Amino acid sequence: MTALLAAENLGHAYGRRVALGDVSLGVAPGQVLSILGPNGGGKTTLLKLLLGLARPQSGRVLLDGQDMAGLSAKNVARRLAYVPQNHRPAFAYAVLEVVLMGRLPHKPFWFRFGKADEALALAALERLGIGHLARRPYTDLSGGERQLTLIARALAQDAAVLILDEPASGLDYGAQLRLLERLRALADEGRAIVQSTHFPDHALWIGGRAALLRRGRIIAEGPADQVINEKNLQRLYDCPIGVESLPGGGRICAPRNLGRPAPAEDSAPISAISAGRDKRQ
Ligand SMILES: Nc1ncnc2c1ncn2[C@@H]1O[C@H](COP(=O)(O)OP(=O)(O)OP(=O)(O)O)[C@@H](O)[C@H]1O
């Protein structure tokens, strides 16, 4: 399948600090690409380049086959929507107004939002199950409601590619699962979705592809259920993580050490330390 958004040999540095080196990947319509990696691995830098918010120092980003460097900001904004992490606006816009902002790239300089725009924005909110929030101030919403509002804004923008920076961060467990389901449904409608995430499970559950980014380099890229394995997770996060198959299908990550009794030599000093502390008190 042809990639709608692709990175070709991207490289980027901040001064002398190389944040990204020779990164190539792509996402096709109907696909989800999850970018995983440790803190400082280069995920945000990669998203910034994919969004055209920073120019790559080497390589290029292709949007529907065209070099993004040659496209106007408005042209990019019509096709590519961004859902940032922990978005906190300065003004208490109504939720509907925040979603309407997604229509801006489709408007001329002297625009006024019309009934059709409002209908589109309301439909996007309904689609995400938060139509009842339309008149509420955005600043009053919970983290999960804000995240859904921004996804609704991306839908109103009618962009073919959605880029989300850690969309599940700060959401409760149920909200995380519902968010993943909604993203999967949006991909199934033909959108290309790129998400960065700190949860390998999320990449497994949403399916599609995964790119593992460590020290600015892709160490593995491919179908999520193939590249998210014990060996790659150990290399990525520097700790032992198993990947177990579930009886009903699907896979789940499980830390190898947590929840297991500590070896005898480790447990002895803890009681000795607390005993010693008791004596000192
Ligand atoms: N504006 C900047 N100036 C200098 N160095 C930067 C800047 N932004 C990022 N870096 C460095 O580039 C590297 C990659 O950072 P980046 O933010 O892309 O990683 P990340 O994978 O998104 O990390 P996290 O998971 O912690 O958000 C890190 O070493 C970071 O310190």
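The shown structure was predicted, so the numbers you read here are calculated from the model rather than taken from an experiment. Note that ligands are numbered from 1 as they come in the structure, with each ligand's atoms numbered from 1 the same way.
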Please report, to 0.1 Å, the donor-acceptor pairs under 3.5 Å made by any side chain of residues 121-134, with sequence neighbours excluded.
unit_1, atom_1, unit_2, atom_2, d
Arg127, NH1, Glu189, OE1, 3.3
Arg127, NH1, Glu189, OE2, 2.9
Arg127, NH2, Glu189, OE2, 2.8

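- Contact check for Leu148 versus Leu179: side-chain heavy atoms found under the 4.5 Å cut-off.
- Side chain to side chain, Ser34 and Gln195 meet the donor-acceptor criterion of an N or O pair below 3.5 Å.
- Screening Ile163, Thr44, Leu213, Asp165 against Ser196 for a side chain to side chain contact (heavy atoms under 4.5 Å, CB included) leaves a single residue, Asp165.
- Remark: minimum distance from atom 31 (O) of ligand 1 to any protein heavy atom is reached at Arg17 CD, 3.9 Å.
- Of all heavy-atom pairs spanning Asn39 and His198, the tightest one is ND2-CE1, 3.5 Å.
- Contacts between Pro38 and ligand 1 below 4.0 angstrom, taking non-hydrogen atoms only, involve the backbone exclusively.
- The two atoms that bring Arg79 and Leu71 nearest to each other are NH2-CD1, 3.6 Å, heavy atoms only.
- Protein heavy atom at the shortest distance from atom 2 (C) of ligand 1 is Tyr14 CD2, 3.5 Å.
- Scanning the protein for heavy atoms near atom 25 (O) of ligand 1, the closest one is Lys43 NZ, 2.8 Å.
- Across all non-hydrogen atoms, the minimal contact from Ala69 to Arg55 is O-NH2, 3.4 Å.
- Close approach of ligand 1 to Asn39 is summarised as follows: ligand atoms under 4.0 Å from at least one heavy atom of the residue are 23 (O), 24 (P), 25 (O), 26 (O).
- Polar contact with ligand 1: present for Thr45 (N/O pair, distance under 3.5 Å).
- Of the protein's non-hydrogen atoms, Thr44 OG1, 2.6 Å is the one closest to atom 22 (O) of ligand 1.
- When Ala19, Gly37, Gly42 are ranked by how near their heavy atoms come to atom 19 (O) of ligand 1, first place goes to Gly42.
- Using a 4.0 Å cut-off to heavy atoms of Gly41, the atoms of ligand 1 that qualify are 19 (O), 20 (P), 21 (O).
- Among protein heavy atoms, atom 14 (C) of ligand 1 sits closest to Gly40 O, 3.3 Å.
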Pair up each side-chain donor or acceptor in residues 199-206 with any protein partner under 3.5 Å, not counting sequence neighbours, and list the distances.
unit_1, atom_1, unit_2, atom_2, d
Asp201, OD1, Cys253, N, 2.7
His202, NE2, Gln176, OE1, 3.0
Trp205, NE1, Arg251, O, 3.3

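- Close approach to His198 involves these atoms of ligand 1, each under 4.0 Å from a residue heavy atom: 25 (O).
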